[in-house]
Amino acid sequence: MQDGVEDKFSRQANGDHAALRLGGLTKIFNKPAVNNFNLTVRPGEFYALLGPNGAGKTTTLRMVAGLLPPTSGSIEIFGIDALRNPIEAKRITAWLPDEPMLYDKLDPVEYLEFVAGLWGVEPRRAEANAEELLNVLGLWEHRNERCEGFSRGMKQKVALAGALIHEPKLLMLDEPLTGLDAAIARQVKELLTRRVNGGATIILTTHILEVAERLASRIGIINKGQLIAEGTLDEMRQKSGSKDSSLEDMFLTLTGVMENAA
Amino acid sequence: MNKVWLAPQPGSLGWLVMHDLLLSWRRFRSMFGGMSNRKGVIIVLIAIVVFHALGIPVAQWFVTTEPGGANQRLFMPALASIVLFVMPWLVSQSLTSTTRALYTRNDLDLLLSSPLPPRFILFARALAIGCESIGSVAIFVLPIANTNAFFGGWKWLAVYPALMAAGLFSTAIGIILTLLLFRIAGPRRTRVLSQILATIIGAAFIMTLQGLNIMPEGVREAIVTSIEQPGSGFIYDTQNWLWLPVRAVAGHWDALILWCSIAVITFTATALVLGERFAMSAVHSASAVATPARQTSNKPLRFRKGAGRALRLKEWRLLGRDPWLLSQIMLQVIYTLPVSIVIWRSQGPSGSLAISVAPAVVVIAAQISASLAWLTISSEDAPEFLTTAPVERHEVERRKLEAIAIPLLCFLAAPLLALAWTSMELALYTALFAAGASASTAFLNFWHPMPGRRVAVLRRHSQSKLIAVLEHLMALLWAVAMVLAVVESAISLLLLAIIGAVLWFNRPKPAKPAPLQTTTAIVAA
């Protein structure tokens, strides 16, 4: 059963499917939070989703993670229809929100065992992954301490280890560097870069434009639930018409223009 | 003068006590889902009226214990059992409050860093603990004293000073016990241990009373006779010092004065002498709040396979790491057991013990299961995380249910074995219906999760009255269905059908939850 499933999605993944394809995705709470949102992220891309507060970044990713049913539209992850077949989609996806989803009364090793169990990772492989992640993230010494005593940064790292232990093909991170100190932030950035080089697809939302500028191969700017600009940093520069403007300038121009137009 | 009474001068003893009592009042309100001040006062007033009404039959019974009355010889034993009931209750209350005071450091830190003498601060805190304990018991006890005074004469008002004295005395005991635990078990364990101790002591008062109630007539009679005869022995001698609080309640002036003096002296001495130590302990508890590092093992990582096992293991780990919560559930059992026995003794069909106890087991199973289910939900620190996992919702629920089954079986093993010893057939029926009852209350909790703080386990019902009602309804239906099944009545099937219908109407809707719809569905059911 397990093998069959793996075969199925490796076949799908090896095809020319997009890592993530959103078609006309819409979520209406009282007013539209995400409005006819179209997005295609290619496999192996490091995609940064930028936008002002309340632009719909987190709502979008929560829908992709299966936490929120969309009002309308389609979500496809490596060719799997995430709305029709959520379990298969979740099997290759990881979601890391800005507030780490941890269990206070479990220690990092137990947490990782739990996550690996849920995603059906073969135990020997999970053990090796856990050991590596705990070492890389500097958690090895703390592996038998319960998470309740951890600082925010430590918790974020444990959650990240949990997101990576099942080797997701698509990793979505919501503000992954919020509240982390410089040293930890660098560790995390390095780890993410390494994952992308290893073939994973990463989508992250961030307020910190510098992070997007440095890490992302492609950037999308979202405002009022819609994608208003997309491209590499250079393409964006050309679009905004000034060659040496920073991402911040472009971001402010683009989101400001939209507001004025509306 | 009046002004001083209304608003004590800042920094004075009264002011500090008022501050603490204000916090206690807020805690009380939050127990009922954070109601407003006005609502709180109204609830207290209603409670006072209700307890006065409940006090009337008690008072009428006590009239028969007046000299020359039919139950004259039961006067002292009855008062003694009331004292046995109230004292552990007070100690339990003050243990809980003392522990809270010790570990709610942020406020104690602030007070101790202020330019007020620590001894003074801690005396005020001890006084506040005493007031809180007295208050929580007084609301039940004093109305009875009032009705007794109305029917039986002014001497009953001696209950007022006797209760105050008992409160102060118990607070002193509570403080001493907590600090003793702190000394023996260390700051980290004391928190849990004292809570468990409070639970056990708190349960003791119910157990003593029910113990007496369940005892055969002959034994009770023998005790009463022993108490009647002067010089009949150490515990039974009403002139003995152990009987001092009882004599105080009975309105013997000398005993009352002595009891009050002993209480005030014990309390003052404890608060003043141990105050310093209390402050030190509080400071020490600061360093203990961070979790203990378990010995880092050098063993290689060993993971087990499978989502089901991972889910169960996680539930057990989370449940097992909260011994206090399990003890709270145990307390619930202890509270339910005698009550159910009394109910079924008076209403059981044939009066035989087996028929009367078996339905109680079903009811208890349903309640423990509901508590455990609620615990597994509220201990679910990361429900969103589970939603992102490639596991179906019903699988998560099934594993939670499996995880609950083992501790539940531990709780039920003894009564089930006892039943099996009496009648194998009855034990089988009980096990079957208890399983059904547990599963249905557990599912109700899964389907209508009320995320709440885990510490609120005993007051979880304040969060959703509807689910509480349904839980009790389920428990009752299963119990009655069992009795009917045993006597081979077809109505049993009808009850099972009703249970099925209630569950069906409460099943999770595939789309988003719609609480309003569910409500109407239940009303319709």
Side-chain angles (χ1 to χ4, degrees), chain A residues 5 62 64-69 86-97 99-107 109-131 134 140-150 159 162-163 165-166 172, chain B residues 188 287-325 375-376 378-396 399 403 453-454 509-513:
Chain A
V5 168
R62 283 171 62 85
V64 177
L67 289 168
L68 206 61
I87 298 294
E88 291 314 312
K90 286 172 185 175
R91 210 180 287 285
I92 52 170
T93 312
W95 158 245
L96 188 72
E99 278 301 319
M101 306 185 287
L102 288 184
Y103 294 88
D104 279 350
K105 299 267 177 222
L106 295 183
D107 66 32
V109 172
E110 290 162 346
Y111 178 69
L112 293 180
E113 182 184 3
F114 177 55
V115 178
L118 285 180
W119 262 264
V121 185
E122 204 278 318
R124 296 294 90 75
R125 185 167 184 151
E127 284 156 15
N129 285 351
E131 193 165 338
L134 290 172
W140 185 251
E141 296 305 312
H142 304 285
R143 67 187 182 280
N144 294 128
E145 291 167 28
R146 289 185 196 162
C147 294
E148 57 193 343
F150 286 178
I165 194 168
H166 52 91
M172 298 180 293
Chain B
R188 193 171 64 72
S287 51
V289 173
T291 16
R294 256 193 300 143
Q295 200 63 41
T296 305
S297 65
N298 287 319
K299 280 187 288 180
L301 304 181
R302 272 286 160 266
F303 286 1
R304 273 150 286 200
K305 196 183 158 122
R309 191 174 298 182
L311 281 162
R312 274 195 308 264
L313 194 63
K314 182 212 88 186
E315 296 302 342
W316 285 333
R317 278 179 174 147
L318 295 181
L319 284 177
R321 281 172 197 180
D322 239 326
W324 180 67
L325 289 166
L375 267 185
T376 61
S378 57
S379 70
E380 187 55 73
D381 299 331
E384 293 226 312
F385 171 73
L386 273 187
T387 315
T388 65
V391 179
E392 301 273 7
R393 175 188 170 140
H394 63 77
E395 161 137 30
V396 175
R399 300 306 177 183
R453 282 166 49 242
R454 312 188 76 196
K509 308 284 183 287
K512 56 189 168 193

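Just the heavy atoms: all of them, side chains too, but no hydrogens, waters or symmetry mates, feed the values below. Every chain is numbered from 1 and lettered A, B, ... according to where its sequence line falls, protein lines coming before strand lines.
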Q: Please examine the side chains of B/Glu384 and A/Arg62, heavy atoms only from C-beta on, and report whether any two atoms are closer than 4.5 Å.
A: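 Yes, their side chains come closer than 4.5 Å.
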Q: Can you measure from CZ (B/Arg317) to CG (A/Leu106) and round to the nearest 0.5 angstrom?
A: 7.0 Å
Q: For the CZ atom of B/Phe303 and the CZ atom of A/Arg125, what is their distance to the nearest 0.5 Å?
A: 14.0 Å
Q: Out of B/Ala307, B/Ala389, B/Gly308, return the one with the most heavy atom pairs under 4.5 angstrom to chain A.
A: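 Maximum pair count with chain A is reached by B/Ala389.
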Q: Determine the option with the most heavy-atom pairs under 4.5 angstrom with chain B, choosing from A/Ala159, A/Pro97, A/Ala126, A/Gly66.
A: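 Counting heavy-atom pairs under 4.5 Å, the top option is A/Ala126.
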Q: Between atom CG of B/Leu386 and atom CE of A/Met101, what is the distance when rounded to the nearest 0.5 Å?
A: 9.0 Å
Q: Under a 3.5 Å distance rule, please check whether B/Lys314 uses its side chain to pair with a backbone N or O of A/Glu110 as donor and acceptor.
A: no
Q: Is there a side-chain contact between B/Thr388 and A/Thr93 (heavy atoms, below 4.5 Å)?
A: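 Not in contact.
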Q: Measuring from atom CG of B/Leu301 to atom CG of A/Leu112, what distance do you get when rounded to the nearest 0.5 angstrom?
A: 8.5 Å
Q: Please classify the contact of A/Leu118 with chain B as side chain, backbone, both or neither, using a heavy-atom distance under 4.5 Å.
A: both
Q: Given that the side chain runs from C-beta out, which part of B/Leu311 has a heavy atom under 4.5 Å from chain A: side chain, backbone, both or neither?
A: both
Q: Measure distances from B/Glu395 to the heavy atoms of chain A and classify the residue's part below 4.5 Å as side chain, backbone, both or neither.
A: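 For B/Glu395, neither part sits under 4.5 Å from chain A.
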Q: Would you compute the distance between atom CZ of A/Phe114 and atom CZ of B/Phe385 and round it to the nearest 0.5 angstrom?
A: 6.0 Å
Q: Which one wins on heavy-atom pair count under 4.5 Å against chain A: B/Arg302, B/Arg309, B/Arg304?
A: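 Looking at each of B/Arg302, B/Arg309, B/Arg304 in turn, B/Arg302 comes out on top.
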Q: With a cut-off of 6.0 Å (strictly less than), are more than 12 heavy atoms of other residues, nucleotides or ligands near CZ of A/Arg124?
A: yes
Q: Give me the atom names and distance for the closest heavy-atom approach of A/Glu113 to B/Ala310.
A: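 So the two residues come closest at O-CB, 4.5 Å.
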